[in-house]
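To start, the structure under review is shown below, and the notes come after it.
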Amino acid sequence: MVAGKQGPQVFTLESAEHPYRALIECMNEGALILTADKMILYANQCFARMVKCPLEQVMGSSFRRFLSAEDRATLRPLMKRADKSGSKIQVLLNAGDGSQLPVHISIRPLAKSGFNRATIGMVVTDMAEARRTEELLRALTHRVVQVQEAERGRVALELHDNITQLLCAILVRSQALADKLSARDGPSKREAMKLREMLGQTAEEVERISRNLRPSVLDELGLVAVLRDTSTEFAERTGVSVKLACVQLTARLPANTELTLYRILQEALKNVEKHARARHVAVCLKQQGAFIQLAINDDGIGFDPDHQPARRNGKGGLGLLSMRERATYVGGALKVKSVRRAGTEIEVRVPLPPSVTAAH
Ligand SMILES: Nc1ncnc2c1ncn2[C@@H]1O[C@H](COP(=O)(O)OP(=O)(O)O)[C@@H](O)[C@H]1O
Ligand SMILES: [Mg+2]
């Protein structure tokens, strides 16, 4: 009995089932009902289109035939413990024509009715378009990082070659001026000395900015040298002690890998300075099989990496995200381990080219 505009109305169960069926048949997602051992009892037309198989061949067959061996193994425990809350998974469906389709599957056990055996409901969403957009976005951000790196390199070089050189020339002349003035010139001499001192500080500051934009030591001497310089500069500036342990590499790593590892250290130290309230930092570069691994540990306040509070203006921090993306661009992966009041570890692993091995 349903209350409507025309007063109470009676619907029979049979007529109530019709709109449900119509909805499932016309929806843009695949819908399936499986037995506990994954036989397809029911599939809608959309699912048949996804797997490019006639519907009559889909129904009655095993759902396993549309999955790779690897995805079958991933799905098995999920189906077993698909409790009331259900579970979700991303897999590749093998279609009838040999093509593959990335999909998102939502699995839910259906309530047992009468003497019927337990069944499982699945909603299958086509993720091909979302994947393409994701890949495009990733390629675009990668490009943005490359352009930003090139631009940083150019500005660093201009600062180093032009501004620092000019400042040094002015510094020498101001020193000469201060020397020419005798003690009798009193205030003028003091002013000239002050000028020389300020010019010295300015030159150092410009050099620091240029180094942060793109350290020439990275290009000239390589990764270990730049990790050492960065750690020393950080410890001297912030008072946080930094212990550095590095393997000796037999050859230079690919330029992209070196730059990535350096940028990750830079970003991680920025976070230590900004958030961690740490007293000690350990930086460790080592070889692990065919990988080079950089780990940055601090003994600061830690945080919960899985529950980052959203910023009020909607802009979350980009540091951890950009570290992760940079690691991915060079085929690597980044892990963040952090425990409140116990500190944080950032660990990045990048595959080594076969020509490089580490000597201890
Ligand atoms: N070493 C660290 N110690 C404590 N908290 C950290 C550390 N690194 C990151 N965080 C936490 O993670 C958040 C996100 O970091 P990040 O992505 O670099 O953004 P941002 O530094 O701009 O806030 C920080 O706001 C901070 O709460
Ligand atoms: Mg940050």
Side-chain angles (χ1 to χ4, degrees), residues 134 137-149 151-153 155-156 208-215 218 223 226-246 256-286 292-350:
E134 214 173 85
L137 256 178
R138 175 153 282 167
L140 185 68
T141 40
H142 189 185
R143 189 79 199 108
V144 170
V145 169
Q146 281 176 325
V147 170
Q148 185 197 42
E149 283 297 347
E151 189 62 12
R152 280 181 177 183
V155 176
R208 191 186 62 79
I209 294 171
S210 159
R211 208 172 36 236
N212 271 337
L213 283 170
R214 175 80 196 211
L218 176 63
L223 182 63
V226 82
L227 297 185
R228 190 171 301 128
D229 273 16
T230 309
S231 303
T232 312
E233 189 273 334
F234 176 82
E236 280 171 1
R237 193 170 47 77
T238 62
V240 178
S241 84
V242 182
K243 214 164 100 189
L244 178 74
C246 287
N256 267 344
T257 303
E258 289 194 341
L259 184 60
T260 298
L261 294 175
Y262 162 65
R263 290 292 184 215
I264 289 176
L265 175 68
Q266 201 180 26
E267 200 61 52
L269 289 179
K270 225 187 265 175
N271 276 351
V272 172
E273 184 177 1
K274 207 163 135 194
H275 310 291
R277 288 183 240 151
R279 294 200 303 145
H280 305 281
V281 174
V283 179
C284 176
L285 181 78
K286 61 180 174 191
I292 185 93
Q293 179 182 305
L294 176 70
I296 304 117
N297 278 283
D298 70 63
D299 63 351
I301 56 169
F303 68 107
D304 182 351
D306 298 326
H307 294 99
Q308 289 287 304
R311 299 279 167 86
R312 232 181 287 155
N313 58 8
K315 287 186 203 142
L318 287 180
L320 293 172
L321 188 71
S322 77
M323 284 192 235
R324 204 175 288 285
E325 285 298 307
R326 277 180 185 272
T328 321
Y329 300 148
V330 288
L334 184 113
K335 275 192 213 152
V336 180
K337 292 180 222 157
S338 190
V339 179
R340 285 206 187 275
R341 287 184 286 279
T344 301
E345 179 181 57
I346 305 286
E347 183 195 285
V348 54
R349 274 159 68 88
V350 180

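Remember, it's 1-based here, ligands and their atoms both numbered in the order they're listed. Residues take their numbers from the sequence shown, with the count starting at 1.
The minimum heavy-atom distance linking Asn271 with Leu320 is given by the pair ND2-CD2, 4.2 Å. Taking every heavy atom of both residues into account, Val242 and Ala235 meet most closely at CG2-CB, 4.0 Å.
Proximity of a side-chain donor or acceptor of Arg214 to a complementary backbone N or O of Arg152 within less than 3.5 Å is not detected. Here the side chain of Glu345 pairs no donor or acceptor atom with the backbone of Ala295 at under 3.5 angstrom. Ser338 places a side-chain N or O within 3.5 Å of a backbone atom of Phe303 that can act as its donor or acceptor partner.
Within a radius of less than 2.8 Å around the Mg ion (ligand 2), the protein N, O or S atoms are Asn271 OD1.
Checked against a 3.5 angstrom limit, the closest N/O atoms of Gly319 and ligand 1 fall inside it. Any N or O atom pair closer than 3.5 Å counts here, and Phe303 shares no such pair with ligand 1.
When Val336, Leu320, Asn271, Asp298 are ranked by how near their heavy atoms come to atom 1 (N) of ligand 1, first place goes to Asp298. Nearest to atom 22 (O) of ligand 1 by heavy-atom distance, out of Glu345, Lys274, Glu273, Lys270, is Lys274.
His280 pairs by the ring pair (Phe, Tyr, Trp, His ring centres under 6.0 Å) definition with nothing, not counting sequence neighbours.
With salt bridges taken as basic N to acidic carboxylate O contacts below 4.0 Å, one links Arg263 and Glu149. Using a 4.0 Å cut-off between a side-chain N of Lys or Arg and a carboxylate O of Asp or Glu, Arg237 and Glu273 qualify as a salt bridge.
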